[in-house]
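So the structure is just underneath, and the comments pick up after that.
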Amino acid sequence: MKKIIALLIAAMFVLTGFAALAENGTLTMCTNAAFPPYEFYDEDGNATGIDVEIAKAIGAKLGYDVEIVDIEFAQCIPGVQSGKYDFAAAGMTVTEERQQMVQFTDTYATGIQVIIAPEDAAFESLDDIVDANGSVKVGVQMGTTGDLYTTWDYEDEGKGTVDRYANGAAAVQALLAGKVDCVVIDNEPAKNFVAQNEGLKILDTAYTVEDYAMAFAKDSAIYDDFNAALNELIADGTVQAIIDKFIPAE
């Protein structure tokens, strides 16, 4: 009997949460809007980008407005876990560690982590820097997979240090100032940073390839409907059209 009562209470909690969400009519999406072309501010100061437009398209399909909340990337998963935000979309890679904390939608985009280096750099990989200098100093955006992978591959192995910054732009400025040897970040933002800052290049060798998805609390009442809508928009070409808008075919 106690077990049945507990299950009924849990069900009522979920349904009540869903009802409150539906009544409000707004889903809150947390992101770090310094990761173009996935999320950034346009000339009018409005948040835009691949993640923003896909999320709003899903919201429109389900009958919700989507409110964008700009926070530090490292706070996105804790914010979703605590229920402060309905979901996170921030060029976020699916990893086993993150899957312990949140549930991810199906993948909607593929990201490539690359290395930004000084234009006159002779090295072609982080290992080249280690071989030449005995260690490497890498700049990353805090909490990203660039942070995770370089920490595991170099800092934890005693091959270097990882300097963590609030956003990619700050990491790139550290590189320009000579504070780090290179920056590891997603390929598309890397293109923007290199285009905006003279004296930098992207190395030919990719650091890693990864899948992007949106993150929800494990008990999210909207998750199933949201993920189903995402798959419908993938199937009808809407998601690819949004990606092509921000990443034109070369």
Side-chain angles (χ1 to χ4, degrees), residues 2-33 35 38-39 47 49-111 141-149 151-152 186 208-235 239:
K2 289 182 178 179
K3 184 176 181 180
I4 294 174
I5 293 173
L7 289 173
L8 288 173
I9 291 173
M12 289 176 62
F13 175 81
V14 171
L15 291 172
T16 302
F18 183 80
L21 187 67
E23 183 179 351
N24 182 37
T26 300
L27 298 175
T28 55
M29 166 186 146
C30 63
T31 190
N32 180 249
F35 196 64
Y38 290 93
E39 37 269 322
I50 293 171
D51 286 340
V52 174
E53 291 211 3
I54 291 175
K56 288 187 174 181
I58 294 170
K61 191 173 185 66
L62 296 176
Y64 295 105
D65 291 328
V66 175
E67 177 187 357
I68 310 300
V69 183
D70 187 9
I71 62 176
E72 289 189 6
F73 182 86
Q75 297 305 312
C76 286
I77 286 181
V80 169
Q81 283 184 291
S82 69
K84 187 173 184 179
Y85 311 108
D86 292 308
F87 68 100
M92 188 174 290
T93 306
V94 179
T95 67
E96 290 184 6
E97 182 181 16
R98 288 172 178 166
Q99 285 177 315
Q100 300 300 313
M101 299 179 282
V102 294
Q103 59 181 335
F104 284 101
T105 62
D106 293 328
T107 298
Y108 59 89
T110 299
Q141 181 178 355
M142 184 182 300
T144 61
T145 48
D147 181 357
L148 295 175
Y149 294 143
T151 297
W152 295 334
D186 182 88
T208 189
V209 178
E210 54 200 9
D211 293 326
Y212 287 164
M214 300 185 186
F216 285 75
K218 288 182 177 290
D219 61 352
S220 170
I222 193 67
Y223 171 82
D224 288 338
D225 289 340
F226 191 99
N227 194 49
L230 168 61
N231 277 286
E232 290 175 11
L233 293 177
I234 291 173
V239 167

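Only a predicted model underlies this, so the values are computations on that prediction, with no experimental measurement involved.
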- Item | L148 and R98, any side-chain heavy atoms less than 4.5 Å apart | yes
- Would you call M92 and D51 a side-chain contact if the rule is heavy atoms closer than 4.5 Å? no
- Item | Nearest atoms (heavy-atom pairs only) where L230 meets D106 | CD2-O, 3.5 Å
- When rounded to the nearest 0.5 angstrom, what is the spacing between CG in L62 and CD in E232? 8.5 Å
Just list the side-chain donor-acceptor pairs under 3.5 Å for residues 67-76, sequence neighbours left out, or say none.
unit_1, atom_1, unit_2, atom_2, d
D70, OD1, A33, N, 2.9
D70, OD2, Y41, OH, 2.8

- Item | Close side-chain approach of T95 and Y149, heavy atoms under 4.5 Å | yes
- Message: Main chain of F104, side chain of Q99: is a donor-acceptor contact present, judged purely on distance under 3.5 Å?
- Response: no
- Query: Under 30°, 30 to 60°, or over 60°: which ring-plane class applies to F87 and F216, parallel, tilted or perpendicular?
  - Reply: parallel
- Item | For T105, side chain to side chain donor-acceptor pair (under 3.5 Å) partners two or more places apart | none
- Contacts of type side chain to side chain donor-acceptor pair (under 3.5 Å), residue T144, not counting sequence neighbours: none
- D86 backbone acceptor or donor facing T28 side chain under 3.5 Å: yes
- Walk me through it: do Q103 and N227 pass the test side-chain hydrogen bond (donor to acceptor under 3.5 Å, both in side chains)? CA-CA 11 Å; Q103 59 181 335; N227 194 49; over 6 Å; no
- Query: For atom NZ of K84, is the number of surrounding heavy atoms from other residues, nucleotides or ligands below 6.0 Å larger than 12?
  - Reply: no
- Beyond-backbone contact of T208 with T145, side-chain heavy atoms, under 4.5 angstrom: no
- Indicate yes or no: at least one non-hydrogen side-chain atom of T31 is less than 4.5 angstrom from one of M29. yes
